[in-house]
Amino acid sequence: MEEFYCPVKLTTDIIGGKWKPLILFYLEGHTRRFSALQRLIPGLTKKMLTQHLRELEQDEIVHRKVYAEVPPRVEYSLTRHGESLKPILKLMSAWGNRHRARYGLAKPHSKHGELAATAIAVNDPSVLHAAGTESSLPLRRGNP
């Protein structure tokens, strides 16, 4: 039996899940060490971060650079192939910023959260417009 090809399934197989989009978001435009990613993503265990980074490296989305130092230093960054995901990440970020109140999330209080929210608008205002259509999905989490 022939398998149906769906490009959305392929994309979610590579970058989907609870943690991978966050890892990619925090690597966008940055080279980060493992410990920095752990600090940026509360709730992500060391085991899961290791597993996801390995999968992203295997899929050639993330580059892992090991320095010959004692103790060893390892840095992660997006590959050129991984950089091609920037438009998707920007749209996801813009959509999340636009619809945060619908799902019971307040505006970010941290400086980092504000910078992430405004960076999208400053870099590409059309992204906010593209992600700004109202959804007909039912409200969740007891929101208005």
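This one's a predicted model, so the numbers in the text were calculated from it and none came from an experiment. The chain is numbered in sequence order, starting from 1.
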Q: With side-chain contact (heavy atoms from CB on, under 4.5 Å) as the test, would you mind laying out the steps for Leu37 and Leu27 before giving the verdict?
A: CA-CA 8 Å; Leu37 288 169; Leu27 286 177; 4.1 Å; yes

Q) Can Val74 and Phe34 be said to form a side-chain contact (heavy atoms from CB on, under 4.5 Å), step by step? A) CA-CA 7 Å; Val74 180; Phe34 186 92; 6.0 Å; no

**Q.** Arg80 and Ser84: CA distance, side-chain angles, deciding distance, side-chain contact (heavy atoms from CB on, under 4.5 Å) verdict
**A.** CA-CA 7 Å; Arg80 181 176 289 167; Ser84 71; over 6 Å; no

Q. After noting the C-alpha distance and the side-chain angles of Arg32 and Leu40, does the key distance pass the side-chain contact (heavy atoms from CB on, under 4.5 Å) rule?
A. CA-CA 10 Å; Arg32 299 198 191 264; Leu40 288 167; 3.6 Å; yes

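Looking only at side-chain heavy atoms (C-beta outward), Ile14 and Ile61 come within less than 4.5 Å of each other. With a 4.5 Å cut-off on side-chain heavy atoms, Ile41 and Tyr26 count as touching. Side chains of Leu44 and Gln38 form no contact here, defined as non-hydrogen atoms less than 4.5 Å apart. Looking at Thr79 and Val62, their side chains never come closer than 4.5 Å, going by heavy atoms from C-beta outward. When side chains are defined from C-beta on, Met48 does not count as touching Lys18, because their heavy atoms never get closer than 4.5 Å. Counting heavy atoms from C-beta outward, Leu56 and Leu24 have side chains that approach closer than 4.5 Å.
How far CG of Leu78 is from CG of Leu85: 7.5 Å, rounded to the nearest 0.5 Å. Taking NE2 of His52 as the start and CG of Leu22 as the end, the distance is 10.0 Å to the nearest 0.5 Å. Rounding to the nearest 0.5 angstrom, the gap separating the CG atom in Leu53 from the NZ atom in Lys20 is 10.0 Å. From Gln58, atom CD reaches atom CD of Glu55 across 7.5 Å, with rounding to the nearest 0.5 Å.
Note on Glu83 versus Lys86: salt bridge recorded, some NZ/NE/NH1/NH2 to OD/OE distance being below 4.0 Å.
Applying the 6.0 Å contact sphere to CD of Glu60 captures no more than 12 heavy atoms from other residues, nucleotides or ligands. In the displayed structure, Met92 atom CE is contacted under 6.0 Å by at most 12 heavy atoms of other residues, nucleotides or ligands.
For Asp13, the salt bridge (charged side-chain N to carboxylate O under 4.0 Å, His left out) test picks out Lys9, with sequence neighbours left out.
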What pairs of donor and acceptor atoms, side-chain ones from residues 63-70 against any protein atom, are under 3.5 angstrom apart with sequence neighbours left out?
from  : atom 1 : to    : atom 2 : distance (Å)
Arg64 : NE     : Tyr76 : OH     : 3.3
Tyr67 : OH     : Glu75 : OE1    : 2.8
Glu69 : OE1    : Arg73 : NE     : 3.3
Glu69 : OE2    : Arg73 : NH2    : 3.0

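Closest approach of Asp59 and His81 over heavy atoms only: O-CD2, 3.8 Å. Between Arg33 and Pro72, the shortest heavy-atom contact is NH2-O, 4.5 Å.
When atom types are taken as modelled, the side chain of Ser93 and the backbone of Leu89 share no donor-acceptor pair closer than 3.5 angstrom.
In the hydrophobic clustering of ILVMFWY residues, with side-chain heavy atoms under 4.5 Å counting as a link, Ile15 and Tyr5 come out together.
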